[in-house]
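Order of the sequence lines fixes the chain letters, A, B, ..., with proteins taken first and strands second; residue numbering starts at 1 for each chain.
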Protein chains: 2
Amino acid sequence: MSRGSLPQFDPGDRPAGERLPEATVSRLPVYLRVLAGMAERGVVTVSSDQLAAGAGVNSAKLRKDLSHLGSYGIRGVGYDVDYLIYQVSRALGLTQDWPVVIVGAGNLGRALANYGGFVTRGFRIAALLDSDPAIVGSRIGRVAVRHSDELEDLIVRHKVAIGVIATPGGAAQAVCDRLVAAGVTSILNFAPVVLNVAEGVDVRKVDLSIELQILAFHAQRRSAERNGPPSEDELRTVSEGAGLPSVPGGASRLSTAAAVPSAAEA
Amino acid sequence: MSRGSLPQFDPGDRPAGERLPEATVSRLPVYLRVLAGMAERGVVTVSSDQLAAGAGVNSAKLRKDLSHLGSYGIRGVGYDVDYLIYQVSRALGLTQDWPVVIVGAGNLGRALANYGGFVTRGFRIAALLDSDPAIVGSRIGRVAVRHSDELEDLIVRHKVAIGVIATPGGAAQAVCDRLVAAGVTSILNFAPVVLNVAEGVDVRKVDLSIELQILAFHAQRRSAERNGPPSEDELRTVSEGAGLPSVPGGASRLSTAAAVPSAAEA
DNA sequence: TAGATTGTTAATCGATTAACAATC
DNA sequence: TAGATTGTTAATCGATTAACAATC
């Protein structure tokens with residue numbers, strides 16, 4: 001790297017060929033969001049401490065994350081907000097436009113199509129699809145609902161690489177298969193099922209029910225800590241009162257289903 | 001643990017006081033979902049290999065995860081589906097009912113209120129709130145929209161421990177503060193902002209935009225790998241053609257904003 | 001220069017996974 | 001018993017973080 005006069009642009013700043021750790025990739029969008037807010041408020045320079053506080057992470061972690069992109073800070077000063085926005089965007093691949101298809105124009109699909117954050121970051125809804133003839137042709141915001149028969153054609157014509165599945169669980173795998181067959185390699189799945197895909201296809205899952213269950217676990221742990229661990233007596237009372245299932249093979253095996261919370265999908 | 005005849009219920013099976021690893025907690029709901037599907041199809045027993053395949057994880061990881069709950073499998077046989085459903089539910093705190101408030105009855109809030117997965121797993125919508133008088137009083141599925149003025153009262157009366165924020169970004173922090181002040185300690189945030197909360201409050205974030213950006217990163221990396229690393233010439237052409245920002249302090253600093261993808265929130 | 005802040009080191013922690021003894 | 005499968009061990013990998021030299 002040259003000293004003295006700084007180069008206009010030095011690709012060598014970025015560690016060549018080094019891959020970003022997954023944990024870093026998942027935090028970069030958060031940094032980007034905080035940086036965007038700062039840029040809007042006219043902030044020119046930000047220190048790792050400030051940016052880390054805004055993103056809710058440790059400043060050492062933030063510096064480590066950014067160091068994977070290259071050396072874009074200035075010692076004793078901090079980071080230039082605009083420049084860092086650009087570098088983070090570039091690292092994430094957001095300097096290009098990403099056409100996206102959304103499959104499913106139910107409540108969720110409509111919410112997604114109306115979501116402004118979509119367009120603001122290089123994503124563009126190429127199509128919103130549904131199989132219900134009653135809503136095909138209607139408009140959700142700026143987007144017209146197309147029939148899902150057109151899926152393959154639209155993907156090819158618009159060079160869509162990212163698909164969003166917002167269908168009921170039962171339809172998700174079939175939709176996924178069609179997306180992949182048509183050339184989509186990145187899928188965001190809102191349906192409450194585990195999708196099977198071939199090697200090389202990237203699936204991310206957003207699942208309200210799973211998030212709530214994780215929250216419930218922590219809430220339960222906190223309340224257990226507040227009340228202290230249950231005594232032997234409490235455990236016995238609870239296990240009898242609630243009709244806990246026996247271990248497998250025990251006499252009451254078949255009668256336990258009712259005591260188990262229904263875990264059927266909707 | 002007793003040998004020979006198995007006890008009806010042995011709390012000692014669960015490693016006492018041992019905390020579940022976070023990574024395990026986040027996978028348990030997935031196992032639960034797969035197990036529920038199997039139970040519905042009448043499957044009685046499942047091996048770690050089968051369950052792992054259904055959940056899309058390594059079977060060693062699955063067994064390790066389950067081992068944190070206790071010894072609920074049978075060597076040479078597998079796991080009893082119903083019994084495992086019960087044990088996983090119990091570990092997650094799903095044997096009790098969790099009343100939830102949803103704040104924001106826009107597109108997303110309505111989608112959430114209509115989401116069937118809510119009720120099927122011990123979660124119950126205690127209230128759906130909005131500040132818009134035009135929709136207060138209307139019904140979304142089975143739930144009536146209440147005015148957000150009632151937030152504190154409803155939380156206390158229904159002993160709500162979990163809050164879901166589905167408001168625009170601008171309102172999210174204020175809503176969060178009110179939820180926490182009223183006693184909510186677990187928050188699921190759909191608004192595209194980083195929430196500031198006191199120690200002891202658990203916030204999880206669901207963010208479409210962030211998920212898409214992570215997908216874009218991988219999509220970009222795959223396409224870069226397909227095309228091979230860019231040559232020196234390509235790098236130079238791209239950097240000039242796209243009008244890359246200079247490093248901070250360079251001559252074109254002020255003119256670079258337009259080249260940077262707009263990252264403003266919607 | 002003195003003060004501030006980055007980028008990196010190295011220690012530590014937690015998660016993953018193959019392998020296999022235990023045991024049904 | 002023989003075959004199957006769990007639960008655990010231990011090696012490995014990746015992520016986190018405090019500390020600090022480099023340097024603006």
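The distance from atom CG of Asn58(B) to atom C1' of dA19(C) is 12 Å, rounded to the nearest whole Å. Between the CG atom of Asp65(A) and the C1' atom of dG7(C) there is a distance of 13 Å, rounded to whole Å. Separating the OH atom of Tyr79(B) from the P atom of dC24(C) is a distance of 14 Å, rounded to the nearest angstrom. Per the geometry, NZ belonging to Lys61(A) stands 11 Å off P belonging to dA15(D), to the nearest Å. The CG-C1' distance, from Asp49(B) to dA18(C), rounds to 13 Å in whole Å. The separation between Ile74(A) atom CD1 and dT5(C) atom C1' is 11 Å, rounded to whole Å. Spacing between atom CG of Leu66(A) and atom P of dT5(C) amounts to 16 Å, rounded to whole angstrom units. Taking atom CD of Gln50(B) as the reference point, atom C1' of dT6(D) lies 14 Å away to the nearest angstrom.
Of the residues listed (Val164(A), Asp207(A), Leu208(A)), the one engaging Phe190(A) in a side chain to side chain contact (heavy atoms under 4.5 Å, CB included) is Val164(A), and it is the only one.
Counting only Watson-Crick and G-U wobble pairs whose two key distances fall under 3.5 Å, DNA chain D forms stems of three or more stacked pairs at C:3-24 with D:3-24.
Leu212(A) contributes atom CG, which lies 12.0 Å from atom CG of Leu92(B) (distance to the nearest 0.5 angstrom). Atom OG of Ser186(A) is separated from atom CD1 of Ile162(A) by 5.5 Å, given to the nearest 0.5 angstrom. For the atom pair Asp80(A) CG and Gln87(A) CD, the distance stands at 10.5 Å (nearest 0.5 Å). Note: Ile74(A) CD1 to Thr45(A) OG1 = 7.0 Å, rounded to the nearest 0.5 Å. Separation of atoms CG (Leu51(A)) and CG (Leu35(A)) is listed at 5.0 Å; rounding is to 0.5 Å.
Where Arg27(A) and Arg63(A) meet DNA chain D, the nucleotide closest to each residue was compared, and Arg27(A) sits on the side nearer the 5' end. Positionally, the nearest nucleotide of DNA chain D for Ala23(A) lies more toward the 5' end than for the other of Val77(A) and Ala23(A).
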Identify each atom pair where a protein N or O and an N or O of nucleotides 11-14 of chain C are less than 3.5 Å apart, giving names and distance.
none

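Residues Arg222(B) and Gly200(A) share a closest heavy-atom pair of CD-O, 3.6 Å. In terms of heavy atoms, Val197(B) sits closest to Cys176(B) at CG1-SG, 3.4 Å.
Which of dT6(C), dA18(C), dT16(C) sits closest to the side chain of Lys64(B) comes down to dT16(C).
Put simply, the side chain of Arg75(A) and the base of dT5(C) share no donor and acceptor less than 3.5 Å apart.
Residue Ser48(A) places at least one side-chain N or O under 4.0 Å from the OP1 or OP2 atom of dT6(C).
Within the 6.0 Å centre-distance limit, the rings of Tyr83(A) and Tyr72(A) are counted as a close aromatic pair.
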